[in-house]
Structure formats: C-alpha cells, structure tokens
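In what follows, a structure is listed as structure tokens, so that the remarks can point back to it.
None of these values were measured; they are calculated from a predicted model. All residue numbers in this chain count up from 1 along the given sequence. For the numbers below, each heavy atom of this structure counts, side chains included, while hydrogens, waters and symmetry mates do not.
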Amino acid sequence: MQAWIYTTTTGGLEKNLHLDASARVPPAPRGNEVIVKVLTASLNPADYKVPELGFLVRMMLIGTPATPGMDFCGRIVSTGPLANHLKEGTLVYGFAGRPVQFGSLAEYMAVGADKICVVPDGVKIDEAAAVGATGLTAYQSLAHVMAGDKVLINGGSGGCGVFGIQIAKAMGCHVTTTCSTRNMELCLRLGADAVIDYTAEKDLIGKLAGNMFDHVVDNVGLPSDMYYQCHRFLKEEGTFVQIGAVSMMTFVSRMCWPAFLGGGQRKYMPITTETDLKRLGQLGEWIAEGTIKVQLDSVFDFGDAIKAFEKLRLGRARGKIVVHVSDPDARNMESFGIGL
C-alpha cells in the first residue's frame, strides 16, 4: 500500500516523512480489530507532538517505522473474530485514541471496533473524518456543564474551539469565546453569544473580570496568568479545563503551583482525550441534523501531506485540516483494489 512513513522526528516530524509506495499493510485483524480502507484523514497537533517527545516514546508507545494520523473516515475491508458484527464495506469514522504505528495517512489502517462509528446518512466523508480527536476533546471538556451555564472558551477558532462553541450551545449554554479579529465573524456564525478580540485587548483578564462563568475551557494556554487569575471570572465551584498550551510546562506549573503561593484558586482539569462511542456517535448525529457544522480550514491531496503538517504546525488553522488519502467519491468495494 501507499503510506507516509517516518522513523525519526529530528528537526520535526514533517521533515522526516516520506511517501512509501510499497509499505507493508497492517497485519490481519485480531480480536475486535478491523482494517479500514482510509478515504480521508484529519490531522491533529498530537500527530506530531507525541512522536517528537523522543525515541523511547516512538519505540514503546508507537513503534517504528510508523504512519501518522489518528482521525479518519473510510470503509471496513476486514474484521477480527470479535468484530464480525461489522460488515465489510460499511462507511465508518473514528479516532485511534493515540498515535499508532499504522495511522490514517495510509491506504489501510488497523483500529479497534470500539473506536469507530457508522457514518450517518447525509454526513460527508471529509466531515466525518474531522470529528474524532477535536470533537471528542471538546465534548469531554464540557462534560460537567448544564443548560443555562455561562461558558468561556479561550480560543474559539481552532479545531477544538469550533466544536466547543457548537457543543456548548447544543447543550443549552451561554457561550463567550476569545479569538483574533479575523476570526470574530466565524465564532459568531458558529453560535457564540459574545466574542472577545484578544488582539485588541491589552488586558484580557481585566476584560473578563466580573463576568462570573460557571465553566472555563482553555484551548491555548495564553495569557500565561489566565489560570492564576481565574478566580476573578470563574465561580468558586467552577472548573478550569485545559486542552491546549504553548508547552508542557504550562500544564505542569498550573497543576503544581499551590494557591497559597499565587497559584490558581479554582479546580484545574487537564483533558486527556478518550474514545467514547456514545459521544462520538452523538457528534455524528448532530452533524447529520445540522446542529453542528464541521469547519474545514483546508483540504490537501495525499501527495501534499507534508504541506498539511507544515500548515498545522503554524497554529493558525480555522477549523480542521484534512488529507484525501483515497478517492473520497469511492462508494463501492470494487473500486478499492483490496489486496489484504
């Protein structure tokens, strides 16, 4: 099969990717595994950040040579003995849960049946491929909110932000979000009740102070003192949820710096994304009925995967970056040329 392969990440993952026209296919599925013919893959920062953590992570957690990509939409072509309730040819979408050896930037990938859902009627392939990591992360970050809650989403125009705004609105919340000037219209269109242009605010914390929120989701980790000052805008019983940050030290310092020494005075919760079929299925249903609209920043051909990673690393995408791995219009098994 064709697959994008890396064995090292020195200088950045995308600088070490090469397209292998004769890469080995995943081994025959065992247990509840399925083999999926990938049509579209979606990229996430963890696709390069985790492999770049070092040699031991790549060898022990992922395995090399490896193919990046956790999100996908494609058709089932083979199933393990515990997944034979799934029919070959079924169009599915999913999230591998973490970077794996046989990722989605390849013609075929191996994934557990507990990590995929059937694509609902009316949902486009590219939309389904974009749901996994960011949709689930945004959904889990809002797990404890209730209808009527006031939610602040710091960074509303990125992958998690665009899902977070819409999910919070679907749950009946009042949503305030921050973004740059060029993304204000997007956030309002997605349903945000109030948008703060952080590029025009010299004192974002001061702007937020006094507007007491029930829940805060931080997608960016900036300003650096946001958590330490969140008692000025987050209710005492509220939770400050951390999704993204400029570095791991943001997580470490916010978790470890005690309140009596100037640390945060509210509950702090870093999010580790987990595959949850109930939530994954709900996201698909919301997309099918139009409650959630998938925001695609850009679409790349399979041969341009390196360019897709270069754009992802810039951190300026408005929504999701997807890569067409195979013909997204393929609708029947005969067109796949399956050789498993």
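Without hydrogens or angle criteria, Asp214 side chain to Lys150 main chain gives a donor-acceptor distance under 3.5 Å. Panel note: side chain Asp276, backbone Lys278; a donor-acceptor pair is recorded below 3.5 Å. Panel note: side chain Glu33, backbone Arg30; a donor-acceptor pair is recorded below 3.5 Å. Side chain of Asp197 to backbone of Thr181: a donor-acceptor contact under 3.5 angstrom is found. Between the side chain of Thr64 and the backbone N or O of Ala66 there is no donor-acceptor pair closer than 3.5 Å. A donor-acceptor pair under 3.5 Å links the side-chain atoms of Ser104 to the main chain of Asp71, judged by distance alone. In this structure, the side chain of Thr239 does not engage the main chain of His215 through any donor-acceptor pair within 3.5 Å. Under the 3.5 Å distance criterion, the side-chain polar atoms of Glu107 are matched with a main-chain donor or acceptor of Gln2. Side-chain atoms of Asn44 never come within 3.5 Å of backbone atoms of Ala46 as a donor-acceptor pair (strictly under, hydrogens ignored). Although no hydrogens or angles enter the test, the distance criterion places no donor-acceptor pair under 3.5 Å between the side chain of Asp301 and the main chain of Asp304.
Hydrophobic clustering places Met171 together with Ile153 (ILVMFWY residues linked when any side-chain heavy atoms are closer than 4.5 Å, directly or through intermediates). Linking Ile, Leu, Val, Met, Phe, Trp and Tyr residues whenever their side-chain heavy atoms come within less than 4.5 Å places Leu17 and Val57 in a single cluster. Both Val123 and Leu136 are assigned to one and the same hydrophobic cluster, defined by single-linkage of ILVMFWY side chains at heavy-atom distances under 4.5 Å. Under a hydrophobic clustering in which Ile, Leu, Val, Met, Phe, Trp and Tyr are joined whenever their side-chain heavy atoms come within less than 4.5 Å, directly or via other members, Met248 and Leu13 fall into different clusters. No path of Ile, Leu, Val, Met, Phe, Trp and Tyr side chains, each step under 4.5 Å between heavy atoms, connects Ile5 with Ile306, placing them in separate hydrophobic clusters.
Between Lys169 and Asp193, at least one side-chain N (NZ, or NE/NH1/NH2) sits under 4.0 Å from a carboxylate O, which counts as a salt bridge. Salt-bridge formation is not detected for the pair Arg254/Asp225: no Lys NZ or Arg NE/NH1/NH2 atom is positioned less than 4.0 Å from an Asp or Glu carboxylate oxygen.
Heavy-atom minimum distance, Phe163 versus Gly159: CD1-O, 3.3 Å. Lys37 approaches Ser326 most closely through the heavy-atom pair CE-OG, 3.5 Å. The two residues Ala259 and Gln265 have their closest heavy-atom pair at CB-CG, 4.3 Å. Across every non-hydrogen atom of Val220 and Asp218, the tightest pair is N-OD1, 3.0 Å. Residues Cys160 and Ala138 share a closest heavy-atom pair of O-CB, 3.6 Å. Of all heavy-atom pairs spanning Thr177 and Ala192, the tightest one is CG2-CB, 3.9 Å.
In this structure, a donor-acceptor pair under 3.5 Å is absent between the side chains of Tyr48 and Glu14. Thr90 and Arg75 are not linked by any side-chain donor-acceptor pair at a separation below 3.5 angstrom, with hydrogens and angles left out of the test. For the residue pair Thr199 / Ser180, no side-chain donor-acceptor distance below 3.5 Å is found, with atom types taken as modelled. For the residue pair Arg279/Gln140, the side-chain donor-acceptor check at 3.5 Å is not satisfied. Residues Asp126 and Thr40 bring a donor and an acceptor atom of their side chains to less than 3.5 Å of each other. If you check the side chains of Asn154 and Asn219, you find no donor sitting under 3.5 Å from an acceptor. Side-chain atoms of Ser253 and Tyr228 include a donor-acceptor pair closer than 3.5 Å.
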ask   = Val111 and Phe72: side chain to side chain contact (heavy atoms under 4.5 Å, CB included), yes or no, with the steps?
value = CA-CA 10 Å; Val111 65; Phe72 62 91; 3.9 Å; yes
ask   = Can you check side chain to side chain contact (heavy atoms under 4.5 Å, CB included) on Ile271 and Gln242, steps first, answer last?
value = CA-CA 6 Å; Ile271 286 292; Gln242 191 78 55; over 6 Å; no
Salt bridge (charged side-chain N to carboxylate O under 4.0 Å, His left out) between Lys311 and Asp297, worked out = CA-CA 10 Å; Lys311 181 161 191 179; Asp297 174 88; 2.9 Å; yes
task = Go through Asp114 and Asn32 one step at a time and tell me if the side chain to side chain contact (heavy atoms under 4.5 Å, CB included) criterion holds.
result = CA-CA 8 Å; Asp114 58 339; Asn32 76 333; 3.5 Å; yes
inquiry  = side chain to side chain contact (heavy atoms under 4.5 Å, CB included), that's the test. Do Lys267 and Leu234 meet it? Break it down for me.
reply    = CA-CA 10 Å; Lys267 181 179 179 180; Leu234 178 60; over 6 Å; no
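Using a 4.5 Å cut-off on side-chain heavy atoms (C-beta onward), Asn84 and Leu86 make no contact. For the pair Tyr93/Leu280, a side-chain contact is recorded, criterion being any heavy-atom separation below 4.5 Å from C-beta on. The shortest side-chain heavy-atom distance between Leu204 and Ile196 falls under the 4.5 Å cut-off. Between Val36 and Val34 the shortest side-chain heavy-atom distance falls below 4.5 Å. Looking only at side-chain heavy atoms (C-beta outward), Val100 and Met70 stay at 4.5 Å or farther from each other. Counting heavy atoms from C-beta outward, Ile116 and Ile76 have side chains that approach closer than 4.5 Å. The shortest side-chain heavy-atom distance between Trp286 and Glu289 falls under the 4.5 Å cut-off. Two residues are said to be in side-chain contact when any heavy atoms from C-beta on lie closer than 4.5 Å; Val241 and Val216 fail this criterion.
Exactly one of Arg58, Lys15, Lys49, Glu52 qualifies for a side-chain hydrogen bond (donor to acceptor under 3.5 Å, both in side chains) with Thr9. That residue is Arg58. Each of Leu53, Leu56, Val50 was checked for a side chain to side chain contact (heavy atoms under 4.5 Å, CB included) with Leu61, and the lone residue meeting it is Val50.
Summarising the geometry, atom CG belonging to Asn211 is positioned 10.0 Å from atom CZ belonging to Phe233; distances are rounded to the nearest 0.5 Å. Between atom NZ of residue Lys202 and atom NZ of residue Lys207 there is a gap of 14.5 Å, rounded to the nearest 0.5 Å. With values rounded to the nearest 0.5 angstrom, Leu208 atom CG is found 8.5 Å from Glu201 atom CD. Distance check, rounded to the nearest 0.5 Å: CZ of Phe300 to CD of Glu310 gives 8.5 Å. The line from CE of Met226 to CD1 of Ile205 is 5.5 Å long, rounded to the nearest 0.5 Å. For the atom pair CZ (Arg316) and CG (Asn183), the distance works out to 11.5 Å, reported to the nearest 0.5 Å.
Shown here is His144, whose NE2 atom has no more than 12 heavy atoms of other residues, nucleotides or ligands within 6.0 Å. No more than 12 heavy atoms of other residues, nucleotides or ligands lie within 6.0 Å of CG in Asp121, so this atom counts as exposed by the packing criterion.
A cation-pi arrangement is not found for Arg266 relative to Tyr227, the charged atom failing to lie both closer than 6.0 Å to the ring centre and inside a 45° cone about the ring normal.
Phe309 and Trp4 have their aromatic ring centers separated by at least 6.0 angstrom.
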